[in-house]
**Q** 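Got a structure for you, written out below as C-alpha cells; questions coming shortly.
Chain A is the first sequence line, chain B the second, and so forth, proteins listed ahead of strands; every chain is numbered from 1. These figures come from a predicted structure and were not determined experimentally.
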Amino acid sequence: MDFEVDKGALLEPLQLVIGVVERKQTVAVLGNLLVQATDSLCLTGTDQEVEVSSTIADVEVATEGEVTLPARKLLDICKSLKDGSRIRFRSEESRVAVTSGRFRSHLATLPVADFPNVELVGDAMRFSIPASELSGLVGQTGFAMAQQDVRFYFNGMLLEIEDGELRSVATNGQRLARSVMTSPGAGSGRFILPRKGVLEMSRLVQDAEGEVEMAFTDNHASFAAGNGRLITKLIDGTYPPYEQAIPSGGKQILIADRDELREALSRTAILSNEMYRNVRLRFAAGELVMHANNPMQEEAEETLAVEYDGDELEVGFNVVYLVDALSTMKGDRVRMTLTDSNIAAVLDDPDDGSCIYVISPMML
Amino acid sequence: MYLRHQPNDAVGFRDSEHLRRLCPTMKFVIRRDSLVKPLAQVSGVVERRQTLPILSNVLIRCDDQGVSLTGTDLEVELVGRVSGVAGVGGQVTVPARKFLDIVRELPEGADVELELTEDRLTVRCGRFRSVLSTLPALEFPSVDRSSHDFSVEVSAPGLKRLLDRTGFAMAQQDVRHFLNGMLIEFGSDYLRAVATDGHRLAMSQLRDVEGLSERRQVILPRKGIVELQRLLSDLDGSVKMNVGTNHLGVETDDFSMTTKLIDGRFPDYDRVIPKDGDKVVVGDKLELRRALSRTGILSNEKFRGIRVSVGRGVLTLLAHNPEQEEAEESLAVDYDGADVEVGFNVGYLQDVLNAMDAERVRLTLRDGDSSALIESAEDESSVYVVMPMKL
C-alpha cells in the first residue's frame, strides 16, 4: 500500500470516524482504524456495535492495499502537521511509514483480518430524507435517552415509521421526548437505536449536506450522508408502549415566554434538593410561582407573569427535566398542558406541534 | 482567635456589641453586574471539598467603605471590594458556590437586595427571592496579616509575565514541600521568579523594579501563584506587594490577596543553571515546538523520552516506543560545532517552548549527560534548564 493525501482532506474524515473508537478497549484492534486504499481512500472505525466509515476521493494511490493503524496516534500526527502538508503512507513489512516533509514515522499495524466488520444482513427497508431534517429530529429528542438504565431499551432512541410519519422517541421513564415528521416512504417499522449509535449518527448528519440514505434490517440500521456511512446494531427488545405515557385531554393550559421560564427555573433550581432536584410550580390566574427548597432550609422563589386562566394547581417536577426540554425547544413561547397534579405535563411549542415533551410530576 | 457567639450566655446581653452579634443585621442593594466579578474571583479561592463547612462560604461585609467579599482556604485569602454601596452595616457568611450561581443567573443590569434576618440571608431581585443559610461571620477564619517588613510597587502585567513564564515548572505534591511553590526574589533593582520540580527549572526576572537594599527571598505556595495569576489576568496598572515574615499580600484597586509563605530552603538555582555549555544551537521556536509535538506522539507513553541530536546545521528528533513505532524529524538550525546527542523528556521541552515568548530559541548543550540551557535568542530575561534522561 502506498498513497499520498493532503492533511486538509484527511483530518475531517479522521475526526468523524474516530468518534466510535473507545479510549480503552479490551481487544487491541478496536483501537485501530481500517485504512483501505483503492481508487479512493476509506477509513473505518468500530466498537463492534457501531461502525463509522468515511471515504476520501482526493487521494493519489500508487499501490492499493489495506492496513489497520492506531487511531488516536494517527489523528494526533495528522493534527500536528502543518496545514497544507502532504502526507504519504507506505507499507513496510509489518509497519506503515507515515511521512510528511522532514517528518518520518513508523506506525505499528494489526492484521486486517482481525478487524471486525458490522454488516447489514437480509432485506432492508430503505429511504432517504434531507440530512438536516434527520439531524433536527434526532437533536430534539436525543437528550431524553437514559444512560446505563437496566431497562436497556431506554438507553437508546426509538425510530418509528408508521401511518406516513417518521417519529423519534426517547425516554428514561420519567420524561419523554417525541418528534414527528412526514415519512419519506411507505412501510412501517419500529427500530431502537443504541445511545452511542444515536450520538455518532447525529455527528454524521449535523454537518452533512443533501440527503441521508437510511436502511433498516431486523438487527441493523445504516445511515449514509456525504462521504460518511454509519452502521449500528439495533437494540433487541420491545419499546414500551410510550403512547400511554402521553396524557391527552389536559385542560389546564399555560403559555409562557420560553427564555424567561428557563432562566427563572435555572435560578430557582440552585436551592433545590441536590439529589432530587424538585421544584414546586404553582399555577394561578396570570402567574406561575416556582419554589424550591433544600434540607439546609434554604429556599428560592420566583413569580413569572404567564397566560393562564385554568384552575389553581400545585405540581412538583424535577427541574432538570424542565430545563432540558426548554433548552432544546426553539420557539419564543412554550405551552404547558396539565390535567391535574398527579398527571404528567406536556410541553410543546404553541406555534409548532411537531415535537412534544412529557414530564412526570414528583411527589412533594 | 475567633469568638463564638453563645446564645445562652445571659451576661452577654448587657453588652451591646454582643447583642449585635446575637441578632446580626445587614441590608443593602447592589448592582448584579458589580457583584458578579468580585464574587466569581473570590469564590475561585474556595475549594470544592472542605474539611470545615465555613470554608465553603464567602464572608460578606457591609460598612462605611462599601461592601467587601472574602474567600479563603486558610492558605490563600482573597478580598474583593465594591465601593459606593450603602445600607445597614453588618457581616455574615453564605455558601459561595450557591450564592455565585444565583447572582450569575440573575438578569444583567438588575439590582439585587441582600438582607440578613436572624440566621438567613434573603436575596431579592425583581420577582425572584431566595433564602440562603448562613454561618456566623465571627467564625470565619482570617489569614494572619501581622505587620509586613517591606512593600514593593510592581507593574501588574510585568508580574503576570513573570509568573506565566515560570509557573509550569512548579512541582505538584512533592514531599519537598518548598518545590510545590515558587521562589520570588526581591533584589536591588529586580524581581526574580524561580520554579523547579527537580527535573527542570524556570527562572525569569523583571528589571528596573523599585529596589531593596538587601536581597530577600520568599516561597509562595502553588495555590497562591495560581490565584495571583488569575487576579492579574486583566490588570494594567501597578500592584503593591507587601512582604511579611509568614505572608505576602498583594493589593490592587479592587482586591487584596494574602497568601501564606512556605517555610523552607529553596534550592540554589544559580548552581543548577549550567555555565559550561559550549554547543550553542539557534533555531525557530515554532518549528521546533511543532516538530516536538509530532515526534512526541510515538515516544514511550510513560517515560516520554526523545533523543535530540545536533550536527552541523541540523537538529534531529527521534522517538520510539515499545510497540516498535518510531518518529523522526530534522530541522535546519544555526550550528557548526561538534555532534552531540542528548535524551530529554519531550513534555519538559514542550512546556518550556510553550511558556516562552520568542521567535528564535537558543539551546546550549555540553554533552549527553549534561542539562540543556534554553533561552530566547532575543531576550535574556528568562532562563530554562532541562535535565537529560538516559534513553
**Q** Which atoms of B/Thr295 are under 4.5 Å from chain A, going by heavy atoms: the side chain, the backbone, both sets, or neither?
**A**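 B/Thr295 touches chain A through backbone and side-chain heavy atoms alike.
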
**Q** Counting only non-hydrogen atoms closer than 4.5 Å, does A/Arg95 touch chain B with its backbone (N, CA, C, O), its side chain (CB onward), both, or neither?
**A** side chain

**Q** Report the option among A/Asp76, A/Leu107, A/Val289 that has the most heavy-atom pairs separated by less than 4.5 Å from atoms of chain B.
**A** A/Leu107

**Q** Among B/Ser130, B/Ser293, B/Gly126, which has the most heavy-atom pairs under 4.5 Å with chain A?
**A** B/Ser130

**Q** Examine whether an atom of B/Arg124 lies under 4.5 Å from a heavy atom of chain A, and if so say whether it belongs to the side chain, the backbone or both; otherwise answer neither.
**A**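 Neither the backbone nor the side chain of B/Arg124 comes within 4.5 Å of chain A.
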
**Q** Please examine the side chains of A/Leu41 and A/Leu10, heavy atoms only from C-beta on, and report whether any two atoms are closer than 4.5 Å.
**A** yes

**Q** Should B/Phe344 and B/Val352 count as side-chain neighbours, where that means a heavy-atom distance under 4.5 Å?
**A**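 No, too far: nothing below the 4.5 Å cut-off.
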
**Q** Between B/Val94 and chain A, which part of the residue has a heavy atom less than 4.5 Å away: side chain, backbone, both or neither?
**A** neither

**Q** What's the shortest heavy-atom distance between A/Gln48 and A/Pro116, and which atoms?
**A**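 Looking at all heavy atoms of both residues, the shortest contact is CG-CG, 3.8 Å.
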
**Q** Identify which of B/His320, B/Lys98, B/Arg97 forms the greatest number of heavy-atom pairs closer than 4.5 Å to chain A.
**A** B/Lys98

**Q** Between B/Thr93 and B/Leu135 (side chain of the first, backbone of the second, donor and acceptor by atom type, cut-off under 3.5 Å), is there such a pair?
**A**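 Yes: the side chain of B/Thr93 pairs with the backbone of B/Leu135.
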
**Q** For A/Arg104, does the CZ atom have more than 12 heavy-atom neighbours from other residues, nucleotides or ligands under 6.0 Å away?
**A**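 It does not: A/Arg104 CZ has 12 such atoms or fewer within range.
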
**Q** Side chain from CB out, backbone as N, CA, C, O: work out which of these in A/Asn294 comes under 4.5 Å of a heavy atom of chain B, or both, or neither.
**A** side chain

**Q** Side chain, backbone, both or neither: which part of B/Leu298 has an atom under 4.5 Å from a heavy atom of chain A?
**A** side chain

**Q** Salt bridge check: are B/Glu287 and A/Arg102 linked by an N-O gap of less than 4.0 Å?
**A**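 No, this pair does not count.
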
**Q** Pick whichever of B/Ile297, B/Leu318, B/Thr122, B/Leu106 has the most heavy-atom pairs under 4.5 Å with chain A.
**A** B/Ile297

**Q** With a 4.5 angstrom heavy-atom cut-off, is it the side chain or the backbone of A/Ala305 that approaches chain B, or both, or neither?
**A**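 For A/Ala305, the contact with chain B is made by backbone and side chain together.
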
**Q** Sort B/Pro95 into side chain, backbone, both or neither according to what part of it lies under 4.5 angstrom from a heavy atom of chain A.
**A**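 It is the side chain, since no backbone atom gets that close.
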
**Q** Which members of residues 79-94 of chain A, sorted by number, sit under 4.5 angstrom from chain B on a heavy-atom basis?
**A** A/Ser80, A/Leu81, A/Lys82

**Q** Could you go through residues 260-276 of chain A and list every donor-acceptor pair under 3.5 Å that involves a side-chain atom there, pairing it with any protein atom two or more places apart or in another chain?
**A**
{"from": "A/Arg262", "atom 1": "NH1", "to": "A/Asp259", "atom 2": "OD1", "distance (Å)": "3.1"}
{"from": "A/Ser266", "atom 1": "OG", "to": "A/Arg262", "atom 2": "O", "distance (Å)": "2.8"}
{"from": "A/Arg267", "atom 1": "NE", "to": "A/Glu302", "atom 2": "OE1", "distance (Å)": "2.9"}
{"from": "A/Arg267", "atom 1": "NH1", "to": "B/Glu105", "atom 2": "O", "distance (Å)": "2.7"}
{"from": "A/Arg267", "atom 1": "NH2", "to": "A/Glu302", "atom 2": "OE1", "distance (Å)": "3.4"}
{"from": "A/Arg267", "atom 1": "NH2", "to": "A/Glu302", "atom 2": "OE2", "distance (Å)": "2.9"}
{"from": "A/Thr268", "atom 1": "OG1", "to": "A/Ala264", "atom 2": "O", "distance (Å)": "2.6"}
{"from": "A/Ser272", "atom 1": "OG", "to": "A/Ala269", "atom 2": "O", "distance (Å)": "2.7"}
{"from": "A/Ser272", "atom 1": "OG", "to": "A/Arg277", "atom 2": "NE", "distance (Å)": "3.2"}
{"from": "A/Asn273", "atom 1": "OD1", "to": "A/Met275", "atom 2": "N", "distance (Å)": "2.8"}
{"from": "A/Asn273", "atom 1": "OD1", "to": "A/Tyr276", "atom 2": "N", "distance (Å)": "3.2"}

**Q** Counting heavy-atom pairs closer than 4.5 Å to chain B, which one of A/Glu301, A/Met296, A/Arg72, A/His291 comes out on top?
**A**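 Most pairs with chain B among the choices: A/Glu301.
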
**Q** Does any non-hydrogen side-chain atom of B/Thr72 lie less than 4.5 Å from one of B/Leu55?
**A**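 B/Leu55 vs B/Thr72: side chains touch.
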
**Q** Counting N and O atoms only, with roles assigned by atom type, does the side chain of A/Asp311 sit under 3.5 Å from a partner on the main chain of A/Leu313, one being a donor and the other an acceptor?
**A**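 Pair absent, no side-chain N/O of A/Asp311 close to backbone of A/Leu313.
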
**Q** Quick one: does any side-chain atom of B/Lys285 pair with a main-chain N or O of B/Met356 as donor and acceptor, under 3.5 Å?
**A**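 Confirmed, B/Lys285 side chain pairs with B/Met356 backbone.
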
**Q** Examine distances only and state if a side-chain atom of B/Glu325 and a backbone atom of A/Ala108 form a donor-acceptor pair shorter than 3.5 Å.
**A**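 Yes, because the side chain of B/Glu325 sits within donor-acceptor range (under 3.5 Å) of the backbone of A/Ala108.
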
**Q** Where do B/Arg290 and A/Phe103 land on the side chain to side chain contact (heavy atoms under 4.5 Å, CB included) test, with the steps shown first?
**A** CA-CA 11 Å; B/Arg290 294 190 144 177; A/Phe103 171 79; over 6 Å; no

